[in-house]
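Keep in mind that what you see is a predicted model, and the values were worked out from it rather than measured. Proteins come first, then strands; the chains are lettered A, B, ... in the order of their sequence lines, and each starts at number 1.
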Amino acid sequence: MAAEATRSAKPRSRGGRSAGKRSTGRIDVAEVSVSSPERVIDSQSGLHKIDLARFYCRVADWILPGLDNRPVSLLRAPEGIEGEQFFQKHAGRLAIPDIKHLDQSLDPAHPPLMEIDTQKALVGAVQMGAVEFHTWGATTDRIERPDHLVFDLDPDPELPWQRMLDATAFLLDILDELRLDAFLKTSGGKGMHIVVPLGRFHGWERVKAFAHAVSEFACRRQPDRLTATMGPKNRVGKIFIDYLRNQRGASTVAAYSARARPGLPVSVPIHRDELGQLKAASQWTVGNLGERLDTLNSDPWSGYANRQRITASMWRTIGAKPPEED
DNA sequence: GATCATT
DNA sequence: AATGATCAACGCGGC
DNA sequence: GCCGCG
Ligand SMILES: [Mn+2]
Ligand SMILES: [Mn+2]
């Protein structure tokens with residue numbers, strides 16, 4: 001049911017605007033012929049489809065390591081972000097050049113899941129209207145063993161940005177206490193994502209239970225500022241620590257993915273030391289991220305390594321017990 | 001993120 | 001009512 | 001076979 005998979009569709013056509021049917025010539029980017037290159041896909045920034053294609057071409061070396069070997073879902077917005085948007089999880093009949101179809105066994109009841117691991121497939125997805133790329137927390141070769149967990153910090157939109165910085169720093173403190181290396185990225189929306197790389201030691205059930213337990217632990221210490229319970233009324237004046245991203249089949253927007261929101265913000269990895277200087281989770285965009293990348297002297301996530309294990313000591317520290325299985 | 005299912 | 005789990009594009013015309 | 005429509 002397509003209608004249920006879509007985000008609000010705003011009526012797009014208005015009187016005389018031949019709805020992007022401009023027969024402007026196609027432009028090749030990364031061996032992909034991009035149609036309607038001059039179509040405006042975001043009125044706030046005025047950026048065009050070709051700008052998004054060139055953006056992903058530019059950031060390919062940064063985004064691909066996070067997409068490689070994982071199922072990917074697309075958020076497509078073929079008429080621009082103010083038009084209809086829909087989330088695509090299966091390959092179906094969509095023909096994206098160079099995209100991989102994953103083994104049927106990963107999801108036997110449906111068409112194959114997709115993988116993008118080349119610049120050409122990335123730009124090919126943009127040609128098909130993709131704006132956002134979302135991935136699983138596990139790689140296809142060991143899909144039952146997550147290789148990271150994510151704390152997705154979702155604020156009451158009314159809260160000042162400083163509260164998000166405080167909450168992020170607070171979670172980092174807890175992870176430090178647990179001796180877990182953690183890495184930060186802006187979500188491109190309202191909040192931050194905290195990523196904890198893991199060795200492939202545990203199953204989904206255990207990883208989710210741990211993420212939940214850490215979240216509850218944090219909430220017990222700042223009950224007036226944090227919640228781990230979903231539902232809008234639970235997060236009034238608070239930040240929801242969304243641990244449910246850590247579930248089999250769930251996905252999270254990839255590092256260096258654009259977001260289909262006004263201004264075309266990007267989810268951007270930062271170094272811990274940059275946290276205090278962040279101005280917003282949407283401060284980097286398709287239009288300005290290149291400037292940051294050009295002047296970086298090192299990968300903000302250097303040192304990222306999949307070797308960490310969730311130990312009995314950690315469970316003890318947060319006052320929780322691991323599930324029997326996994 | 002929206003809807004479904006379970007309680 | 002509330003929360004956690006689950007799901008997420010397609011072929012196509014017009015009744 | 002169900003309904004909207006780029
Ligand atoms: Mn979020
Ligand atoms: Mn969330």
Side-chain angles (χ1 to χ4, degrees), chain A residues 1-22 35-36 39-41 49 70-96 99 101-102 106-114 124-137 150 152-157 187-191 193 204-205 207-209 211-213 215-216 219 227-236 238 240-254 257 259-262 265 267 281 323:
Chain A
M1 302 185 175
E4 295 177 357
T6 60
R7 277 194 207 166
S8 61
K10 216 157 135 185
R12 194 137 184 44
S13 49
R14 183 166 305 173
R17 193 190 161 286
S18 29
K21 302 240 175 214
R22 330 245 335 122
S35 61
S36 303
R39 171 183 295 157
V40 174
I41 58 170
K49 185 182 180 191
R70 296 173 197 277
V72 65
S73 298
L74 314 177
L75 184 69
R76 294 172 59 195
E79 300 173 73
I81 66 166
E82 292 166 59
E84 188 182 20
Q85 304 180 357
F86 55 91
F87 197 83
Q88 179 162 5
K89 181 178 183 178
H90 303 103
R93 278 154 192 72
L94 179 60
I96 297 176
I99 203 163
H101 292 195
L102 295 174
L106 292 174
D107 191 1
H110 296 279
L113 298 172
M114 301 174 284
V126 173
Q127 160 54 22
M128 299 306 291
V131 178
E132 304 186 1
F133 298 88
H134 296 244
T135 58
W136 288 34
V150 180
D152 167 23
L153 273 47
D154 292 336
D156 175 344
S187 70
K190 295 281 186 181
H193 292 166
W204 289 104
E205 186 186 356
V207 168
K208 180 179 75 165
H212 190 187
S215 300
E216 296 285 4
C219 293
T227 180
T229 308
M230 70 171 17
K233 72 184 243 298
N234 294 300
R235 73 177 170 268
V236 172
K238 298 180 185 173
F240 170 52
I241 306 175
D242 183 0
Y243 64 92
L244 290 162
R245 304 295 87 223
N246 303 289
Q247 194 161 214
R248 192 187 193 281
S251 60
T252 303
V253 71
S257 172
R259 307 304 306 271
R261 299 167 180 245
S267 177

Of the candidate nucleotides [options], which contains the atom at the shortest distance from the side chain of [X]?
X	options	result
A:F87	C:dA2, C:dA8, B:dG1	C:dA8
A:Q247	C:dT3, C:dA8, C:dA5	C:dA5
A:K208	C:dA5, D:dG6, C:dA8	C:dA5

Legend entry - side-chain N/O A:R261 vs B:dG1 OP1/OP2, d < 4.0 Å: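 Yes, within the criterion.
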
Using modelled atom types and a 3.5 Å cut-off, is there a donor and acceptor pairing between side-chain atoms of [X] and backbone atoms of [Y]?
X	Y	value
A:E132	A:A260	yes
A:Q127	A:S35	yes
A:N246	A:V150	yes

Give the rounded distance in Å between these two atoms: [atom1] of [X] and [atom2] of [N].
X	N	atom1	atom2	answer
A:R248	C:dC7	CZ	P	11 Å
A:H90	C:dT6	NE2	C1'	12 Å
A:E82	D:dG6	CD	C1'	16 Å
A:F240	C:dG4	CZ	P	8 Å
A:D242	C:dT3	CG	C1'	13 Å
A:W204	C:dA5	CH2	C1'	15 Å
A:H134	C:dC7	NE2	C1'	14 Å
A:I241	C:dG4	CD1	C1'	17 Å

Inset, instruction - Nearest 0.5 Å please: distance from the OG atom of A:S187 over to the CG atom of A:D242. - result: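 Answer for the OG-CG pair, A:S187 versus A:D242, is 11.5 Å.
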
Inset, instruction - Drop me the distance from A:H193's NE2 to A:R245's CZ, to the nearest 0.5 angstrom. - result: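 Between A:H193 NE2 and A:R245 CZ, I get 8.5 Å after rounding to 0.5 Å.
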
Inset, instruction - Can you see which heavy atom on A:W136 is nearest to which on A:L113, and at what distance? - result: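 Closest heavy-atom pair between A:W136 and A:L113: CZ2-CD1, 4.0 Å.
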
Atom pairs, N/O to N/O, protein against nucleotides 11-13 of chain C, distance under 3.5 Å?
from, atom 1, to, atom 2, distance (Å)
C:dG11, OP2, A:R93, NE, 3.3

Legend entry - Along DNA chain C (nearest heavy atom to each residue), the more 5'-positioned of A:M230 and A:Q88: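 Result: A:M230.
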
Legend entry - Residue whose nearest DNA chain C nucleotide is more 5′ - A:N234 or A:S251: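 Result of the comparison: A:N234.
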
Checking all strands, does [X] fall into the base, sugar-phosphate, or nothing category for heavy-atom contacts under 4.0 angstrom?
X	result
A:L244	sugar-phosphate
A:T229	sugar-phosphate
A:H110	sugar-phosphate

Legend entry - Spacing of the P atoms in C:dA8 and B:dC4 (rounded, Å):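 These two P atoms come out 13 Å apart once rounded.
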
Legend entry - Spacing of the C1' atoms in C:dC10 and D:dC2 (rounded, Å):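 Looking at atom C1' only, D:dC2 and C:dC10 are 14 Å apart.
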
Inset, instruction - Please work out which of the three classes, parallel, tilted or perpendicular, describes the rings of A:F87 and A:H134, given edges at 30° and 60°. - result: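 Perpendicular: the ring planes of A:H134 and A:F87 meet at over 60°.
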
Just name whichever nucleotide pairs with [N], Watson-Crick or G-U, keeping both distances under 3.5 Å, else none.
N	value
D:dC2	none
B:dT6	C:dA2
C:dC10	none

Inset, instruction - Go through the structure and list residues passing salt bridge (charged side-chain N to carboxylate O under 4.0 Å, His left out) with A:R76, not counting sequence neighbours. - result: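 Salt bridge (charged side-chain N to carboxylate O under 4.0 Å, His left out) list for A:R76, sorted by chain: empty.
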
